Peer 1: 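After the structure tokens below, expect a handful of questions from me.
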Amino acid sequence: MPKVLVIYYSRSGNTEAMAQLIAKAIEEEDVETACKKVEDASIDELLDVDGLVVGSPTYYGTMAAEIKKFLEDSVKYHGKLDGKVGAAFSSAGVTGHETTVISILEALLIHGMIVQGDPRGHHYGATSLGKPSSEQDAQVCKRFGQRVAQLVKRVIGQEG
Ligand SMILES: Cc1cc2nc3c(=O)[nH]c(=O)nc-3n(C[C@H](O)[C@H](O)[C@H](O)COP(=O)(O)O)c2cc1C
């Protein structure tokens, strides 16, 4: 079964709520999913998964230091993550969420990961203002998770 790791940092629960919605949507596509706070995740887990989804609150228009540290530590496996699927999401207070998502994607692309945009939904990755409390926010997370799962299955050749 394909495997995806969702890691996130969240101080006040908003990014965590997104992570849970996204992980549920991935699981519903029959993809094994682990959803962890970045503090509880190990770099070594990256070798075991087909896709990595990274979530951060928007801090000054970019990712939180905790996520940056995880990505810097991932240099341990530089070259080994080539061809896995990568994706990113963010919660902001007002704005800056898209630059935050892009900042994470830059690192995932440097790892050689495959990143899919979205021509109709949130182009770069799921974003939310504050907690994803509306039905529309939930749909954004669900669509994002579904698309990540479907891409993982295509990449590893287990399309249903
Ligand atoms: C240090 C810090 C920097 C922040 N910078 C921004 C920002 O640049 N733009 C913005 O809209 N919100 C900013 N915020 C608000 C958070 O992005 C927002 O509250 C987010 O939903 C928090 O997510 P969390 O509940 O997962 O921690 C900042 C918050 C903190 C603590």
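Just the heavy atoms: all of them, side chains too, but no hydrogens, waters or symmetry mates, feed the values below. Atoms within a ligand are numbered from 1 in the order they appear, just like the ligands themselves. Residue numbers run from 1 in the order of the sequence given. Values in this document were obtained by computation on a predicted structure and should not be read as measured data.
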Peer 1: Establish, from distance only, whether the side-chain atoms of Thr100 and Thr62 form a donor-acceptor pair under 3.5 Å.
Peer 2: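 Their side chains do not contain a donor-acceptor pair, so the 3.5 Å distance test is not met.
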
Peer 1: Applying a heavy-atom distance cut-off of 4.0 Å, which protein residues contact ligand 1?
Peer 2: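 Within the 4.0 Å shell of ligand 1, which is judged on heavy atoms, sit Ser10, Arg11, Ser12, Gly13, Asn14, Thr15, Pro57, Thr58, Tyr59, Tyr60, Gly61, Ser91, Ala92, Gly93, Val94, Thr95, Gly130.
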
Peer 1: Taking CD in Gln136 as the centre, count heavy atoms belonging to other residues, nucleotides or ligands within less than 6.0 Å. Is the count above 12?
Peer 2: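 Atom CD in Gln136 is not crowded, with 12 or fewer foreign heavy atoms closer than 6.0 Å.
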
Peer 1: Would you find more than 12 non-hydrogen atoms of other residues, nucleotides or ligands less than 6.0 Å from Phe70 atom CZ?
Peer 2: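 More than 12 heavy atoms, drawn from other residues, nucleotides or ligands, come within 6.0 Å of this atom.
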
Peer 1: Using ring pair (Phe, Tyr, Trp, His ring centres under 6.0 Å) as the criterion, list what pairs up with His111, not counting sequence neighbours.
Peer 2: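 By the ring pair (Phe, Tyr, Trp, His ring centres under 6.0 Å) rule, His111 matches His78.
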
Peer 1: I need the full list of salt bridge (charged side-chain N to carboxylate O under 4.0 Å, His left out) pairs touching residues 133-145, with sequence neighbours left out, sorted by first then second residue.
Peer 2: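 Residue pairs passing salt bridge (charged side-chain N to carboxylate O under 4.0 Å, His left out), neighbours aside: Asp118-Arg143.
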
Peer 1: Once side-chain hydrogen bond (donor to acceptor under 3.5 Å, both in side chains) is applied, do any residues pair with Tyr59, and if so which ones, sequence neighbours excluded?
Peer 2: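 So Tyr59 forms a side-chain hydrogen bond (donor to acceptor under 3.5 Å, both in side chains) with Arg11.
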
